[in-house]
Novice: 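Below: one structure in structure tokens.
Proteins get letters first, then strands, A, B, ... in listed order; numbering begins at 1 in each.
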Amino acid sequence: MRREGAARARGLRTDYCGELGPEDVGRTVSVCGWVSRRREHGEHLAFVDLRDHTGIIQCVVDGGHDIRAEHVIKVTGELRLRPEGTVNEAIPTGEVEVGASEVEILSVAEPPPFSVDGRIAAEEQVRLRYRYVDLRRERMQANLRLRAQVNAAIRRSMERQGFVEIETPLLWTPTPEGAREFAIPSRLQPGSFYVLPQSPQIAKQLLMLSGFDRYYQIARCMRDEDLRADRQFEFTQLDLEASFVRQEDLWEVVSDSVLEVARSVTGKEPPPVETMTWSEALERFGTDKPDLRFKMELVRLEEAVAGTGFKAFQAEAVRALCLKGGAELGRGRLDALTDRAKKLGAAGLVWLRVLRQSDGLALESPVAKFLSDKEKAAVVAATGAEEGDLLLVVAGERARSCRVLGQLRLDLAQPAVSEPPYRFCWITEFPLFEGLDDDGNPVAAHHPFTMPHPDDLDRLESDPLSVRSQSYDLVLNGWELGSGSIRIHRADIQRRIFSVLGISEQEAESRFGFLLGAFRYGAPPHGGFAYGIDRLAALMAGEESIREVIAFPKTQSGADLMAESPRALPERQLEELGLRLLPRPEAKSPG
RNA sequence: GGACCUGUGGUGCAGCUCGGAGUGCACGCCGGCCUGUCAAGCCGGAGGUCGCGGGUUCAAAUCCCGUCAGGUCCGCCA
């Protein structure tokens, strides 16, 4: 438990509270911290549980001191074994206590707005308003320290692999694509604006053209989009880019870093990162971010019901889920599932209970009468269903049917997202384009500098929607951690992409000018990746929201309840920036 | 932009369906007692615009409308 490196930096104290033990008995020690709890026994005896970031130590003090919860005090005295029968097995320092000869009150505290010991869980609203108190709690101390451990593991991995840490500007220039940006008015050039980077994407590609070969940065990114449990305005990514590499090389680099993180946090060797194509993920799990911790994969039934007389199953795709033991679900529950499927975009949901009959398994369902015995048998065989299971079938367009079942799979069987094990997975071969915009032009799925799959290059113009890209996502337990791609470094291919996207040469020049310009001076083949450290740290900490691993997060309406941002600026400051406010339709009054 | 959940002494809850005096529980707080506790114990006490505004009603924490705040989600996040 003792940390040698910290020994010289203990300052006012000789020891940390949580590190004292029987081996220290007999020493005169000084400990500093916050009063976690006091137990008074009259004029001459009181117990004080003193807390610092390492833990809690019991101090035995004279009852005359006015020592209250969260007072900051320094206690000096001899460390001794607790008397027989008074050992507290519930805490690591429970065998010893400080017999206080001197108590110094370093500062007094008002009663905290909620309990620091976590006995009663305060509402998030209250926690955020008094975040400095909230962060004293064991949970938040552990979370933020775990996050620091994640950062350290990432740096270890990147340095080991020869990456160079380079900082890029926070005051950047507006880019037309992607997320909404935060704008910063220029004082020296009134009317002009910087923006905060939504990612260092362009900067890091330029660093490749500059010959740095391997760049990384633990980078803050800002996106002015609506907030969620896994999304804040500002978040932190491991951002990296490498030259003269193939996708496989990057997967290895990134896998090394996340496995180093998992190893460091869990103390165990994590399972290797798996890989599957986007198309396979959709077929097997009905999503591009599969949760591999549990099976219940989607099943193809097209062959089993080929040539069926049942109209609903005469569709492009007929897919099923088998819910183990689901036959006992009541009618109300099944109706709710059907509603859910419809809300998700399915035409309907067919359920079949798998029951035992004298001569084998039988299917009980409102539509059983429309299926032949042979079809029923084929369905049972294809799904591997056993007595007591429930089959859920969606028929219709392929991608939609898979996605509906993919969501039902999560609804019915997904464990808490932060529960181990940690099953990292690469999703590869994303489509280059996703659908068409209002003008009938394909829309870039990743960004317009993503290199197409070499085997599909000749279909770029003839059948763009079938073209795969060299882009890839990293997924952990159903959460998208990040994405990356091999970039286009050749002008001819970039021209063809812009042409397919319906972007003219002039438009490309004005929108991506300085990047395209830089490419004219010698661009190495390169590619990169970025993943969210907030999300990774949250999952590693067993949290469902990234706010629990961020010291001072914003609420869903973008407010900091402690700092009370955002706020109005004084008129003088606006003037200096060359800004004038439009009248607001209505003033917000505090509730 | 939209859907749903939540808002009651400092904290966490119950009360709301079926309207009848701010009623209750746990923690905390203040005072007293208490020399081996550790969620200390015992006795006493203080503390409330029921988020805010409007409506219905003889009467609203409770029903209705609006609004604000927090959360979850859809849209959005190349």
Side-chain angles (χ1 to χ4, degrees), chain A residues 36-50 56-64 66 68-70 80 82-91 93-94 97 99 109-130 133-134 175-181 198-199 201-202 221-233 235 343-345 407 411 430 432-435 437 442-450 469 471 480 483 485 501 503 511-512 530 532 544-545 547 553-559 561 586-591:
Chain A
S36 181
R37 199 162 274 283
R38 65 168 200 283
R39 294 174 292 279
E40 288 178 78
H41 287 258
E43 217 176 326
H44 296 296
L45 178 68
F47 299 97
V48 171
D49 289 341
L50 192 63
I56 283 178
I57 182 80
Q58 172 168 288
C59 304
V60 185
V61 308
D62 188 273
D66 188 17
R68 306 199 176 209
E70 300 308 309
R80 62 196 187 203
R82 294 195 188 185
E84 185 100 30
T86 63
V87 167
N88 183 354
E89 314 232 330
I91 61 172
T93 61
E97 63 189 12
E110 290 176 22
F114 52 90
S115 70
V116 177
D117 63 16
R119 251 176 81 189
I120 292 177
E123 235 177 58
E124 195 167 2
Q125 202 168 347
V126 183
R127 293 173 53 204
L128 289 178
R129 179 132 138 257
Y130 302 95
V133 173
D134 188 41
T175 48
E177 302 277 314
R180 189 180 297 114
E181 295 163 323
Q198 38 177 304
S199 83
Q201 179 64 36
I202 291 175
C221 307
M222 290 78 166
R223 297 181 186 172
D224 189 1
E225 298 290 350
D226 287 359
L227 289 70
R228 289 280 197 286
D230 62 350
R231 278 159 40 186
Q232 285 270 303
F233 283 154
F235 58 101
K343 225 172 238 153
L344 291 166
Q407 187 57 54
D411 291 352
F430 274 75
L432 189 60
F433 305 105
E434 50 179 16
D437 66 15
V443 179
H446 191 52
H447 60 62
F449 312 111
T450 305
S469 67
S471 69
E480 180 192 323
S483 60
S485 63
L501 288 170
I503 299 174
R511 282 167 69 174
F512 312 108
E544 311 270 312
S545 160
R547 293 188 299 275
K554 307 272 189 292
T555 66
Q556 200 158 43
S557 64
L561 298 179
E586 74 220 64
K588 281 192 182 184
S589 59

Novice: Do the side chains of A/L128 and A/P553 get nearer than 4.5 Å, heavy atoms only?
Specialist: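 A/P553 reaches A/L128 side chain to side chain.
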
Novice: Using a cut-off of 4.0 Å on non-hydrogen atoms, how would the nucleic acid contact of A/P113 be classed: base, sugar-phosphate, or nothing?
Specialist: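 Sugar-phosphate, backbone atoms only, no base.
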
Novice: For A/G94, does its backbone N or O pair with a side-chain atom of A/Q58 as donor and acceptor, under 3.5 Å?
Specialist: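 Here the side-chain-to-backbone pair does not exist.
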
Novice: Determine whether A/E97 and A/R80 satisfy the following criterion, salt bridge (Lys or Arg N to Asp or Glu O under 4.0 Å), listing intermediate values before the conclusion.
Specialist: CA-CA 6 Å; A/E97 63 189 12; A/R80 62 196 187 203; 3.0 Å; yes

Novice: Counting just side-chain N and O atoms, does A/R547 come under 4.0 Å of either OP1 or OP2 of B/U72?
Specialist: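 For A/R547, the contact criterion (side-chain N or O under 4.0 Å from OP1 or OP2 of B/U72) is met.
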
Novice: Using atom CG of A/D134 as one end and atom P of B/G12 as the other, report the distance to the nearest whole Å.
Specialist: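 My rounded result for the distance is 12 Å.
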
Novice: For A/D66 and B/C30, give me the distance from atom CG to atom C1', rounded to whole Å.
Specialist: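 A/D66 atom CG is separated from B/C30 atom C1' by 12 Å.
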
Novice: Using centres under 5.5 Å plus planes under 30 degrees as the test, is A/F114 stacked with B/U11?
Specialist: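 So A/F114 does not count as stacking on the base.
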
Novice: Of the candidate nucleotides B/G36, B/C77, B/A39, which contains the atom at the shortest distance from the side chain of A/A179?
Specialist: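 The answer is B/C77, which lies nearest to the side chain.
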
Novice: When the P atoms of B/C29 and B/A21 are considered, how many whole Å apart are they?
Specialist: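 The same atom, P, in both gives a distance of 33 Å.
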
Novice: Could you measure between the two C1' atoms, the one in B/A61 and the one in B/C50, and give it in whole Å?
Specialist: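 Here B/A61 and B/C50 have their C1' atoms 4 Å from each other.
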
Novice: Tell me the interatomic distance from A/E123, atom CD, to B/G71, atom C1', rounded to whole angstroms.
Specialist: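 It works out to 9 Å between those atoms.
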
Novice: Counting only side-chain heavy atoms from C-beta out, which of B/A39, B/G36, B/C30 sits nearest to A/R37?
Specialist: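 The closest nucleotide is B/A39.
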
Novice: Please pick, from B/U37, B/C27, B/C73, the nucleotide with the shortest atom-to-atom distance to any side-chain atom of A/E97.
Specialist: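 The answer is B/U37.
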
Novice: Pairing check on B/G47: which nucleotide meets the Watson-Crick or G-U wobble criteria with it, both distances under 3.5 Å?
Specialist: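 Check on B/G47: unpaired, no WC or wobble geometry under 3.5 Å.
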
Novice: Any idea which of B/A69, B/G71, B/C38 is nearest the A/T555 side chain?
Specialist: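 For A/T555, the side-chain atoms sit closest to B/G71.
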
Novice: Whom does B/A26 pair with, Watson-Crick or G-U wobble, provided both distances fall under 3.5 Å?
Specialist: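 Pairing partner: B/U11.
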
Novice: What is the distance, to the nearest angstrom, from the CD atom on A/Q556 to the C1' atom on B/G2?
Specialist: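 Answer to the nearest Å: 13 Å.
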
Novice: Touch check for A/A90, heavy atoms < 4.0 angstrom, all strands: base, sugar-phosphate only, or nothing?
Specialist: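 Result for A/A90 = nothing.
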
Novice: Where the side chain of A/T86 is defined as all heavy atoms beyond and including C-beta, which of B/G28, B/U72, B/C38 is the nearest nucleotide?
Specialist: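 From the listed options, B/C38 comes nearest.
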
Novice: Do we count A/H41 as stacking onto B/A40 if the rule is ring centres under 5.5 Å and planes under 30°?
Specialist: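 Here the ring of A/H41 and the base of B/A40 are stacked, with centres under 5.5 Å and planes under 30°.
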
Novice: Expressed as a whole number of Å, how far does the C1' atom of B/A59 sit from that of B/G55?
Specialist: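 These two C1' atoms come out 15 Å apart once rounded.
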
Novice: Tell which nucleotide pairs with B/C52, taking only Watson-Crick or G-U wobble pairs whose two distances are both under 3.5 angstrom.
Specialist: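 Looking at the geometry, B/C52 pairs with B/G66.
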
Novice: Closer to the 5' end of RNA chain B via nearest nucleotide, is it A/S199 or A/D49?
Specialist: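 Nearest nucleotide further toward 5': that of A/D49.
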
Novice: By the 4.0 Å heavy-atom rule, please label A/I91 as base, sugar-phosphate, or nothing.
Specialist: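 Contact class for A/I91: none.
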
Novice: For B/G28 and B/U72, measure between their C1' atoms and round to the nearest Å.
Specialist: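 Straight-line distance between the two C1' atoms is 30 Å.
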
Novice: If I take atom CG in residue A/D226 and atom P in nucleotide B/G70, what distance separates them, rounded to the nearest angstrom?
Specialist: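 After rounding, the reported distance stands at 13 Å.
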
Novice: With a 3.5 Å cut-off and just heavy-atom distances, do the side chain of A/Q58 and the base of B/U37 make a donor-acceptor pair?
Specialist: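 Such a pair is found, so the answer is yes.
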
Novice: Would a 4.5 Å heavy-atom cut-off, applied to side chains only, mark A/P442 and A/E434 as touching?
Specialist: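 Side chain of A/P442 against side chain of A/E434, heavy atoms only: no contact under 4.5 Å found.
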
Novice: Expressed as a whole number of Å, how far does the P atom of B/C25 sit from that of B/U67?
Specialist: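 Roughly 38 Å separates the two P atoms.
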
Novice: Is there side-chain contact between A/F114 and A/D134, with heavy atoms separated by less than 4.5 Å?
Specialist: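 Answer yes - side chains close enough.
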
Novice: Between B/G70 and A/S557, is there an OP1 or OP2 to side-chain N/O distance shorter than 4.0 Å?
Specialist: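 For B/G70, OP1 or OP2 has a side-chain N or O of A/S557 closer than 4.0 Å.
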
Novice: Quiz question: going by heavy-atom distance under 3.5 Å, is there a donor-acceptor pair between the base of B/G36 and the side chain of A/E84?
Specialist: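 No such pair is found, so the answer is no.
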
Novice: Would you indicate whether the side-chain heavy atoms of A/E124 and A/R547 approach each other to under 4.5 Å?
Specialist: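 Result yes, sub-4.5 Å side-chain heavy-atom pair found.
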
Novice: Take A/R68 and A/E110, measure what salt bridge (Lys or Arg N to Asp or Glu O under 4.0 Å) needs, and give me the verdict at the end.
Specialist: CA-CA 9 Å; A/R68 306 199 176 209; A/E110 290 176 22; over 6 Å; no

Novice: Rounding to a whole Å, what distance do you find between A/R82:CZ and B/U35:P?
Specialist: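 The distance from CZ of A/R82 to P of B/U35 comes to 20 Å, rounded to the nearest Å.
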
Novice: Record whether the side chain of A/R39 comes under 3.5 Å of the base of B/C34 through a donor-acceptor pair of N or O atoms.
Specialist: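 When only heavy-atom distances are counted, A/R39 does not reach the base of B/C34 through any donor-acceptor pair under 3.5 Å.
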
Novice: Without decimals, in angstroms, what is the distance between A/L344 CG and B/G75 P?
Specialist: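 Nearest whole value for this atom pair: 11 Å.
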
Novice: Taking any heavy-atom pair under 4.0 Å as a contact, classify A/A229: base, sugar-phosphate, or nothing.
Specialist: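 Sugar-phosphate, backbone atoms only, no base.
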
Novice: With P as the reference atom in both, quote the distance from B/G32 to B/C13 in angstrom, rounded to an integer.
Specialist: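 The same atom, P, in both gives a distance of 33 Å.
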
Novice: Mark yes when over 12 heavy atoms from residues, nucleotides or ligands other than A/E544 sit less than 6.0 Å from its CD; otherwise mark no.
Specialist: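 Above 12, so yes.
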
Novice: Does the structure show a Watson-Crick or G-U wobble partner for B/C4, both distances under 3.5 Å? Name it, or say none.
Specialist: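 Checking every strand shown, B/C4 finds its partner in B/G71, with both distances under 3.5 Å.
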
Novice: Do A/R228 side-chain and B/G75 base share a donor-acceptor contact under 3.5 Å?
Specialist: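 It does, because a donor-acceptor pair links the side chain of A/R228 to the base of B/G75 below 3.5 Å.
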
Novice: Between A/S545 and A/R180, which is nearer to the 5' end of RNA chain B once each is assigned its nearest nucleotide?
Specialist: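 Nearer the 5' end of the strand: A/S545.
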
Novice: Taking the side chain as every heavy atom from C-beta outward, state whether A/R39 and A/D49 have any pair of such atoms under 4.5 Å apart.
Specialist: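 Sidechains of A/D49 and A/R39: in contact.
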
Novice: Distance check needed: B/C74 C1' versus A/R231 CZ, whole Å only.
Specialist: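 Going from A/R231 (CZ) to B/C74 (C1'), I get 11 Å.
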
Novice: If we take the P atom in both B/G20 and B/G15, what is their distance in whole Å?
Specialist: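 Rounded to whole Å, the distance is 14 Å.
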
Novice: Between B/C13, B/G36, B/C27, spot the one nearest the side chain of A/I120, thanks.
Specialist: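 Out of B/C13, B/G36, B/C27, the nucleotide with an atom closest to A/I120's side chain is B/C27.
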
Novice: Using both distances under 3.5 Å as the test, list the Watson-Crick or G-U wobble partner of B/C77, or none.
Specialist: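 Partner of B/C77: none found under 3.5 Å.
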
Novice: In whole Å, measure the gap between the P atoms of B/G12 and B/C4 for me.
Specialist: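 Pairwise P distance, B/G12 against B/C4, rounds to 25 Å.
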
